[in-house]
Asks: 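The following block contains the structure, expressed as structure tokens.
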Amino acid sequence: MDDKAVKIVWKALDKLAIELPSWGFANTGTRFGKFIQPAAATSIQEKFSDAAQVHAVTGACPTLALHVQWDLPNGLKDVPEVERLAKQFSIRPGSINPNIFQNQEYKYGSLGNPDPAIRRIAIRHILDCVAISEALGAPDISPWFADGSNYPGTQNIRKRIGYFEEGLREIHAALKPGQRLLLEYKPFEPAFYHTDIADWGMALLLARAAGPQALVLVDTGHHYQAQNIEQIVAWLLHQNMMGGFHFNDRRYADDDLTLGSIDPYQIFRIFHEIRMFEWETQTTADIAYMVDQSHNLKGKIEAMIQTVCTAQELYARAALVDHGSLAQLQQACSLVDAEETLRGAFWQDVRPAIQEWRKSRNLPADPMQAFRTSGYLERITRERGEKNRNATASYA
Ligand code: RM4
Ligand code: MN
Ligand code: MN
């Protein structure tokens with residue numbers, strides 16, 4: 001790789017910040033049960049501590065996404081404690097994730113529930129999240145709605161669209177300047193017949209109905225098989241509606257596997273669409289890059305480090321695309337040469353350049369090895385083993 005290419009890689013890496021999900025450090029599982037890990041985080045303090053380890057070895061993860069019900073069970077009252085932890089671990093609070101799917105009252109939905117009293121509970125919770133986001137200076141609120149129905153004819157789909165529009169408008173009205181409401185979509189699960197926000201079109205229309213500070217969030221695992229995700233990204237960029245990502249990989253559905261483990265070329269293509277947009281418009285897209293994974297079998301922190309390194313590698317490769325010549329080749333419909341320009345960047349081995357970047361930023365050249373030799377995992381395994389032994393793993 002020549003000096004010019006190395007410079008491009010370094011510049012790209014300086015720009016890429018990746019947010020970690022607090023829940024990715026806790027014991028999570030599948031609907032059939034959990035395999036408990038003795039080192040998994042059991043408290044918000046431990047989640048901050050683990051995130052700080054990932055940031056220490058990668059230098060790329062300054063923020064931690066919080067799930068309000070799991071991390072701030074007392075809502076606004078927990079803000080001072082979160083601020084204290086943020087200071088202690090030098091990790092800023094990231095996106096604020098409402099939980100409108102877990103409580104018993106949400107059996108038939110939250111914002112889409114036919115019962116106005118339940119819709120009110122959900123709106124109130126998200127309004128609390130808006131207040132928490134403001135208090136923490138963490139401007140993104142990212143609700144994911146599990147709303148939907150399981151059997152044809154059991155719910156009025158159009159009425160529920162109206163409930164969503166109404167609720168989201170009210171929430172949007174509470175946003176302060178600079179705050180953003182990022183709407184995530186998902187085709188199915190837990191609802192298996194219809195999901196109220198099933199795809200990017202529905203999310204986009206609802207965001208538009210809510211107001212100008214509402215944007216769309218793309219979770220890579222929330223698509224049907226074979227869907228062209230980078231095309232969705234291109235559309236959202238074109239519409240100025242691309243707010244954020246939840247990165248993970250999938251083979252079948254919302255598998256929440258580590259990034260790039262199944263299809264690294266797809267993540268590269270997504271990054272490419274963003275870099276191409278930024279080159280053409282000479283702007284930086286205001287996109288929150290977040291990880292949303294739930295590693296059931298891999299070690300929590302190792303899986304996170306693996307994902308962050310993969311994101312850096314694929315982002316750096318996308319930065320190496322020669323945009324000027326690609327634009328010309330596209331214009332001339334030089335299909336093979338255009339495709340090879342893209343593929344050529346994908347096949348570059350950026351790892352030596354990334355290692356050099358790490359060294360120049362006083363980071364370990366090999367983050368995984370640095371974590372493994374740090375003794376942190378052995379320490380938390382000892383400290384948390386007892387607490388995790390009591391965790392519930394059972395499905396029924
Ligand atoms: C959902 C969705 C949300 C995440 C929850 C835990 O499938 O991806 O973003 O908060 O899982
Ligand atoms: Mn998600
Ligand atoms: Mn998901």
Side-chain angles (χ1 to χ4, degrees), residues 18-32 34 40-41 44 47 51 63-73 93-103 106 109-111 122 125-126 129 132-133 138 140-148 180-192 195-200 202-203 206-207 214-225 227 229 232-233 236 242-259 261-262 267 270 287-296 300 303-304 307 311:
I18 306 158
E19 183 162 309
L20 303 174
S22 72
W23 54 99
F25 296 107
N27 272 315
T28 50
T30 70
R31 60 194 283 214
F32 300 106
K34 292 178 187 175
I44 171 91
K47 291 169 183 170
T63 59
L64 181 66
L66 302 171
H67 231 295
V68 168
Q69 186 157 327
W70 302 331
D71 298 327
L72 296 94
S95 68
I96 304 301
N97 294 250
N99 190 315
I100 47 270
F101 50 84
Q102 187 181 299
N103 293 357
Y106 298 135
S110 62
L111 280 202
H125 175 66
I126 303 174
C129 295
I132 290 168
S133 136
D140 289 346
I141 302 112
S142 323
W144 164 66
F145 296 96
D147 290 53
R180 309 193 304 169
L181 186 65
L182 307 183
L183 295 183
E184 185 172 358
Y185 56 89
K186 178 169 174 172
F188 69 92
E189 193 203 24
F192 291 114
T195 296
D196 286 294
I197 313 184
D199 66 22
W200 71 281
M202 301 176 203
L206 285 174
L215 301 164
V216 178
L217 186 150
V218 176
D219 183 315
T220 44
H222 292 190
H223 298 89
Y224 289 117
Q225 218 56 302
Q227 204 160 359
I229 302 175
I232 295 172
V233 171
L236 291 172
M242 181 77 236
F245 278 102
H246 275 179
F247 279 129
N248 49 55
D249 212 340
R250 56 75 68 82
R251 180 69 184 83
Y252 298 102
D254 191 19
D255 308 341
D256 282 334
L257 302 177
T258 46
L259 187 72
S261 54
I262 304 291
I267 306 299
I270 290 173
I287 297 174
Y289 297 107
M290 301 176 260
V291 174
D292 185 7
Q293 290 175 172
S294 150
H295 344 281
N296 197 18
K300 306 280 168 191
M304 216 58 96
T307 277

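Counting starts at 1 for both ligands and their atoms, in listed order. Quantities reported herein were computed from a predicted structural model and do not represent experimental measurements.
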Asks: Could you list the atoms of ligand 1 found under 4.0 angstrom from a heavy atom of His246?
Replies: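 What qualifies from ligand 1 is 9 (O).
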
Asks: Please list, in number order, the atoms of ligand 1 under 4.0 Å from a heavy atom of His67.
Replies: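 Contacts of ligand 1 toward His67, numbered from 1: 10 (O).
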
Asks: Does any N or O atom in Asn97 lie less than 3.5 angstrom from one in ligand 1, N or O only?
Replies: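 Asn97 vs ligand 1: no N/O contact under 3.5 Å.
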
Asks: Does the pair Phe101 and Asn99 meet the rule for a side-chain contact (heavy atoms from CB on, under 4.5 Å), with working shown?
Replies: CA-CA 6 Å; Phe101 50 84; Asn99 190 315; 3.5 Å; yes

Asks: Of all the heavy atoms in Glu189, does at least one lie under 4.0 Å from an atom in ligand 1?
Replies: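 No.
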
Asks: Is a side-chain N or O of Gln293 found less than 3.5 angstrom from the main chain of Leu259, in a donor-acceptor match?
Replies: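 Yes; at least one donor-acceptor contact below 3.5 Å.
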
Asks: side-chain contact (heavy atoms from CB on, under 4.5 Å) between Phe145 and Asp196: does it pass, once the steps are laid out?
Replies: CA-CA 8 Å; Phe145 296 96; Asp196 286 294; over 6 Å; no

Asks: Checking side chain to side chain contact (heavy atoms under 4.5 Å, CB included) between Phe245 and each of Leu182, Asp219, Ile267, Ile270, which is the one that passes?
Replies: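 That would be Ile270.
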
Asks: Are the side chain of Asp292 and the backbone N or O of Met290 linked by a donor-acceptor pair below 3.5 Å?
Replies: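 Flag not set: sc Asp292 to bb Met290 has no pair under 3.5 Å.
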
Asks: Got the closest protein heavy atom to atom 4 (C) of ligand 1, with its distance?
Replies: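 Of the protein heavy atoms, Asp292 OD2, 3.5 Å lies nearest.
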
Asks: I'd like to verify the contacts: list protein N, O or S atoms under a distance of 2.8 Å from the Mn ion (ligand 2).
Replies: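 Protein N/O/S atoms under 2.8 Å of the Mn ion (ligand 2): Glu184 OE2, Asp219 OD2, His246 ND1, Asp292 OD2.
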
Asks: For His223, is there any backbone N or O sitting under 3.5 Å from a side-chain donor or acceptor partner on Arg250?
Replies: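 Side chain of Arg250 to backbone of His223, a donor-acceptor pair under 3.5 Å: yes, one is there.
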
Asks: Quick test: of every protein heavy atom, which one is nearest to atom 5 (C) of ligand 1, and how far off is it to 0.1 Å?
Replies: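 Its nearest protein heavy-atom neighbour is Trp144 CE3, 4.0 Å.
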
Asks: Could you list the atoms of ligand 1 found under 4.0 angstrom from a heavy atom of Asp254?
Replies: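 Counting from 1, the qualifying ligand atoms are 7 (O).
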
Asks: For atom 6 (C) of ligand 1, what's the nearest protein heavy-atom neighbour? Residue, atom name and distance, please.
Replies: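 Result: Trp70 CH2, 3.9 Å.
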
Asks: Any nitrogen or oxygen of His222 lying under 3.5 Å from a nitrogen or oxygen in ligand 1? Just yes or no.
Replies: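 Yes; the residue has a nitrogen or oxygen that sits under 3.5 Å from a nitrogen or oxygen of the ligand.
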
Asks: Could you list the residues that satisfy side chain to side chain donor-acceptor pair (under 3.5 Å) with Asp71, not counting sequence neighbours?
Replies: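 Counting only residues at least two positions away or on another chain, Asp71 forms a side chain to side chain donor-acceptor pair (under 3.5 Å) with Ser22, Lys47.
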
Asks: Is there any N or O on Glu184 that sits under 3.5 Å from an N or O of ligand 1?
Replies: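 Yes; at least one N/O pair falls below 3.5 Å.
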
Asks: Do the side chain of Thr220 and the main chain of Phe247 share a donor and acceptor less than 3.5 angstrom apart?
Replies: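 No, the answer is negative, given that no donor and acceptor are paired below the 3.5 Å cut-off.
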
Asks: So Tyr185 and Trp200, side-chain contact (heavy atoms from CB on, under 4.5 Å) or not? Walk me through it.
Replies: CA-CA 6 Å; Tyr185 56 89; Trp200 71 281; 3.6 Å; yes

Asks: Which pair of heavy atoms, one from Leu183 and one from Pro143, lies closest together, and at what distance?
Replies: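 Minimum heavy-atom separation between Leu183 and Pro143: CD2-CG, 4.0 Å.
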
Asks: What do the steps show when you test Gln69 against Asn103 for side chain to side chain donor-acceptor pair (under 3.5 Å), and what is the final call?
Replies: CA-CA 10 Å; Gln69 186 157 327; Asn103 293 357; 2.7 Å; yes

Asks: Would Asp219 count as being in polar contact with ligand 1, using the rule that some N or O on each side must be under 3.5 angstrom apart?
Replies: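 So ligand 1 has an N or O lying under 3.5 Å from an N or O of Asp219.
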
